[in-house]
Structures are given as structure tokens and as C-alpha cells.
Number of protein chains: 2
Amino acid sequence: MSNPTVQAEHAKQNIKLAVDNCIFTVKDGKLFILLIKMKSKLQGMWALPGGLIKDTETIGAAAQRILKQETGLSDNYLEQLYTFSQPNRDPFARVISTAYFALIPDANIELKPSPKYDDVRWYPVKKLPELAYDHNHIVKYAKQRLEWKISYTNAAWSLLPEKFTLTELQKVYEAILNKKLDKRNFRKKIDKVGLLKETKQTKLEGAHRPAKLYEFSSKKKKIVEII
Amino acid sequence: MSNPTVQAEHAKQNIKLAVDNCIFTVKDGKLFILLIKMKSKLQGMWALPGGLIKDTETIGAAAQRILKQETGLSDNYLEQLYTFSQPNRDPFARVISTAYFALIPDANIELKPSPKYDDVRWYPVKKLPELAYDHNHIVKYAKQRLEWKISYTNAAWSLLPEKFTLTELQKVYEAILNKKLDKRNFRKKIDKVGLLKETKQTKLEGAHRPAKLYEFSSKKKKIVEII
DNA sequence: CCAAAAGTGTTAACGCTACACCCATGT
DNA sequence: ACATGGGTGTAGCGTTAACACTTTTGG
């Protein structure tokens with residue numbers, strides 16, 4: 001550190017670095033996002049689950065750590081979204097936050113509210129409350145990315161259980177894109193992409209023909225035009 | 001700051017925040033990136049121009065400030081790329097860096113090496129030297145994004161002067177995508193997108209038919225499938 | 001008149017969209 | 001037998017990719 005200018009700049013900087021997670025799931029054909037209810041600062045407001053990163057971890061690792069804390073899940077689709085840096089985004093300190101977004105399968109997950117928060121809940125993204133900080137803005141950004149991801153990559157797979165029917169898959173797409181899709185055309189495309197394989201099992205649910213169950217032939221992330 | 005946990009975390013964090021710019025241009029049908037030669041730390045190595053962000057500015061503003069310092073240019077296409085956070089990416093301190101990328105028009109720009117650096121140069125991206133920190137990695141990432149941008153948005157316009165010929169435009173695409181394009185199909189697509197308007201001027205250059213000059217009918221950023 | 005880049009249309013293959021009926025099951 | 005969602009094919013249209021010759025200029 002022989003350069004005094006750099007040293008001076010270093011000394012001056014007084015900024016904290018955080019991560020905020022946009023954790024999505026689809027349930028009953030509706031898109032949900034995980035929110036927490038804040039204690040202490042901004043008490044009672046809903047916000048994205050997040051936290052400061054540690055000196056020795058990457059931001060991605062921090063996001064994963066927090067995802068696991070909130071949902072118990074690991075090894076999911078998790079992707080850096082954007083770094084938000086408005087100086088006044090946090091009224092209490094200069095905090096720059098890197099947002100991540102994660103997709104988790106239909107969540108009959110035991111949410112375990114950590115002592116850090118007053119509550120944890122899945123909120124339908126169509127009717128979000130006013131969130132703390134710039135989190136409404138972050139969620140808006142995340143929704144756009146999600147739409148893109150689901151249309152152009154195989155990320156949808158992360159929202160489904162191990163085995164699923166084609167109708168369930170289609171419902172995931174419809175929930176995220178917020179529009180109806182044609183059943184036959186949808187199946188043609190899925191078939192063309194060729195990432196699914198039939199299982200011998202079927203799913204019987206209600207008074208109608210049982211549906212074939214499918215699984216992924218590979219779980220690698222791919223860029224594939226789907227819709 | 002009533003929560004002692006948060007306070008403790010705050011107190012512990014010892015991370016600096018920087019920005020690194022990937023500034024591209026196309027010259028003579030080749031893609032270039034702006035690099036600086038380092039003084040002091042890692043002396044003699046080439047690196048992306050960057051610097052620490054200030055307590056009162058956004059990261060984007062920092063990127064713009066640095067772009068202006070290096071090239072004198074402002075008001076260009078400038079976009080956040082990714083935030084790189086490997087704990088060991090900077091051997092001297094924990095520095096997390098948000099990379100930006102910028103496109104500037106064919107650069108007969110007076111590069112003014114700031115006293116911070118030993119040299120500033122345009123490097124052809126096809127033969128980059130080994131760069132400082134994780135900058136080779138950042139550039140790789142930036143190249144991918146650039147390919148995508150040029151294919152699916154009107155970002156190419158940022159690489160051209162006010163008025164330009166269709167062949168010049170095509171050369172920009174060919175340089176970035178690193179492949180030849182069909183002249184007639186290219187022009188059909190450009191025409192369909194409808195963002196250009198003819199001027200009455202032509203450009204005469206060498207012993208052949210002069211080319212019509214075009215300009216943009218709008219400079220707004222748009223998402224448009226082009227190639 | 002020759003060299004060099006500018007400019008210009010057509011055809012064939014492919015992909016996308018719209019659309020309607022039979023199937024397997026539970027009650 | 002009927003109600004419910006599962007499952008399947010085709011025709012028309014638009015988009016893309018491949019391809020070659022004429023035009024305008026300077027030398």
C-alpha cells in the first residue's frame with residue numbers, strides 16, 4: 001500500500017455490504033415470494049430476508065447461507081441479480097446490497113423464523129405490501145429477471161418437485177408469465193427441448209384420467225428458448 | 001441501531017467496495033477494451049480502470065466518474081455487469097468490485113492517462129495480456145454480455161458516430177459476434193427494426209460507389225431482436 | 001475499362017400459432 | 001352415464017437463411 005491516494009481513499013470509505021434474497025416459489029398456480037417481518041429497526045415492516053456478508057465469504061455464499069437459514073434449503077437455483085447502491089436506500093447507514101434470486105420447489109417447507117425476525121411468510125407477488133428500504137424496487141427487478149429466466153432457460157425445473165406432470169409444469173409458466181398458454185403448443189416445445197424423460201408412474205388426482213409423471217434428464221443449467 | 005447482533009455484525013465487517021469498468025470500442029472492424037498499466041501495487045500489470053466508490057455516490061455514478069476520468073466521455077451506454085466478491089481476488093485487501101461495462105464510439109479519443117496510472121491503452125480483446133486481480137475473468141464475463149446486448153438490443157448504436165454507413169454498422173456486429181454476416185439479410189433485419197433513418201449525405205471512400213449515411217431516429221435504449 | 005464496395009429480391013425450409021376432439025378415471 | 005382434466009395432429013402463416021448480379025465511383 002505504497003500509494004498514499006489509495007490509502008486515503010481506503011481510510012475514508014464507510015460502507016456496509018449486504019445481500020438480499022428474492023426467494024420465489026409457485027403454489028397452486030400462483031407465484032409467491034418469501035418475506036420477513038422486521039424487528040427493531042423499521043419494526044413491523046415486511047422486507048426481503050437478508051443480512052450483512054462476512055469478511056471471508058463471497059456474496060453468493062452469503063445468499064446461500066441466508067436462504068438456508070430461512071428455508072432449510074440448499075443447492076437450489078440461486079443467481080446474482082443486481083447490486084443496489086442508492087446512498088439513501090437504508091435510512092440508518094450506508095448499506096449497499098447485492099440482490100440474489102432463488103427458485104425453490106412448491107414449498108411445503110417448514111419456515112423457521114429465525115430469532116432475527118418477527119415472522120416469515122410466503123406472499124403472493126401480485127399483492128405485496130409496502131416493503132422496507134428499496135425492496136419493492138428490488139422485487140420488481142427480480143420479477144423481470146424471473147420472467148426472462150423462465151422463458152429462455154430451464155430454470156423452471158427448480159420450482160418443481162422431483163417428479164411432476166406436464167400440467168404442473170405448464171402452471172408454473174403461466175403463473176410467472178401471468179398468461180394462459182396453449183396446452184398442445186406448450187407440450188410440443190417442451191418435447192422439442194428434450195430435457196424431460198417420462199417415468200413409468202402416473203399421478204391420479206380426482207375423477208379423471210391420471211397424468212404421466214416426468215423427471216429431468218439432467219439438472220444442469222442451460223440456456224434454452226422455451227417460451 | 002437497537003439490535004446488538006446487527007451492531008456487532010456492522011462493527012466486524014471490513015470490506016472495501018470498488019468499481020471496475022469494461023470499456024469497449026470497435027475500430028477497423030476489431031473489438032478493443034480499455035486497459036491501464038498499474039503503478040505501485042502490482043506495478044507494471046495491466047488492469048481494468050477502476051477505483052473505490054465514495055460514501056455519497058451510487059456505484060453507477062462511480063463508474064461514470066471513472067469513465068470520464070479515463071476517456072473524457074460521458075453520457076454513454078453504461079450498464080452494471082456483475083459484482084465480483086472472491087475473498088482473495090485482491091491480494092492486498094478484501095475488495096468487492098462491481099463491474100460495469102460501457103460502449104463508446106470509434107475512439108479517436110484523446111486518452112488522458114491520469115497520474116494514478118503509468119499508461120492507458122486500447123487492447124484488442126482477442127489478445128489480452130494477463131491482467132491484475134480477477135480482471136481476465138471479468139472481461140470474459142463482459143464479452144458474453146456484450147454479445148448478448150448487441151444481438152438483442154440496440155446497444156450497437158453506442159459504438160458508432162453520429163452518422164454511419166450500413167457496412168460500418170455491420171462491421172460492428174461482425175467484430176463482436178466474431179463471425180461474418182450476410183449483407184442482404186443483415187440489411188433486411190436492420191430495416192425491419194426501423195430505428196434508422198437515411199440522411200441525404202453519402203460517404204465517399206476509395207474507388208467505388210459511395211455509401212449512404214444513416215443516423216438513429218431515436219437514441220433510447222430498446223430491447224429489440226436484431227441478430 | 002477495370003477494380004472495389006454499395007446496393008438490391010426470391011425461394012425453400014423451418015418454426016409458431018390457432019384450433020377440437022377422444023381418453024381414462026371416480027362418482 | 002357424466003363430469004373432469006389428460007392427451008394428441010394439422011394447416012396456414014411468418015421468419016430465417018442461402019444465394020448472385022447490377023450500380024457507382026476513382027484510377
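Quick note on labels: first sequence line is chain A, next is B, and so on, each numbered from 1.
Close to dA6(C), at under 4.0 Å from its OP1 or OP2, lies a side-chain N or O of Thr167(B). In terms of phosphate contacts, Lys189(B) brings a side-chain nitrogen or oxygen within less than 4.0 Å of OP1 or OP2 of dA17(D). For Lys212(B), a side-chain nitrogen or oxygen approaches OP1 or OP2 of dT8(C) to under 4.0 Å. Applying the 4.0 Å criterion to OP1 and OP2 of dG7(C), one finds that Arg187(B) has a side-chain N or O inside that range.
The CZ atom of Phe164(B) sits 14 Å away from the P atom of dA6(C) (whole-angstrom rounding). Atom CD of Glu198(B) and atom P of dA6(C) are 15 Å apart (whole Å). Rounded to an integer number of Å, the gap from CG of Asn185(A) to P of dC13(D) is 16 Å. What separates CG of Asp182(B) from P of dT10(C) is a distance of 16 Å, to the nearest Å. We find that CD of Glu205(A) is positioned 19 Å from P of dA24(C), with the value rounded to whole Å. Rounded to whole angstrom, the span from the CG atom of Leu181(A) across to the C1' atom of dG5(D) amounts to 17 Å. To the nearest angstrom, P of dC21(D) lies 10 Å from CZ of Arg184(B). Across the protein-nucleic acid pair, Gln201(B) atom CD and dA6(C) atom P stand 17 Å apart, rounded to whole Å.
Set against dG7(C), dG9(D), dG5(D), the side chain of Arg209(A) has dG5(D) as its closest nucleotide. Side-chain proximity of His208(B) to the nucleotides dA4(C), dC16(C), dT25(C) is greatest for dA4(C). With dG6(D), dC19(D), dT24(D) as the choices, the nucleotide that has an atom nearest any side-chain atom of Lys183(A) turns out to be dG6(D).
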Give the intermediate values and the outcome of side chain to side chain contact (heavy atoms under 4.5 Å, CB included) for residues Tyr173(A) and Lys171(A).
-> CA-CA 5 Å; Tyr173(A) 276 84; Lys171(A) 287 231 173 92; over 6 Å; no
Verdict with supporting geometry, Tyr77(B) and Tyr100(B), ring pair (Phe, Tyr, Trp, His ring centres under 6.0 Å) | CA-CA 10 Å; Tyr77(B) 190 92; Tyr100(B) 272 74; over 10 Å; no
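Across all strands shown, Leu204(A) has heavy atoms under 4.0 Å from sugar-phosphate atoms exclusively, and none from any base. Within 4.0 Å of Lys203(A), counting heavy atoms only, lies no atom of the nucleic acid at all. As judged by a 4.0 angstrom heavy-atom cut-off over every strand, Lys188(A) is placed among the base-contacting residues.
When all heavy atoms of Thr25(A) and Ile104(A) are compared, the closest pair comes out as OG1-O, 2.8 Å.
Thr83(A) and Thr98(A) share a side-chain donor-acceptor pair at under 3.5 Å.
Sorted by first then second residue, the side chain to side chain donor-acceptor pair (under 3.5 Å) pairs that include residues 194-205 of chain B, not counting sequence neighbours, are Glu168(B)-Lys203(B).
Two residues, Ala207(B) and Tyr214(B), neighbour DNA chain C, and the one matched to the more 5' nucleotide by heavy-atom proximity is Ala207(B).
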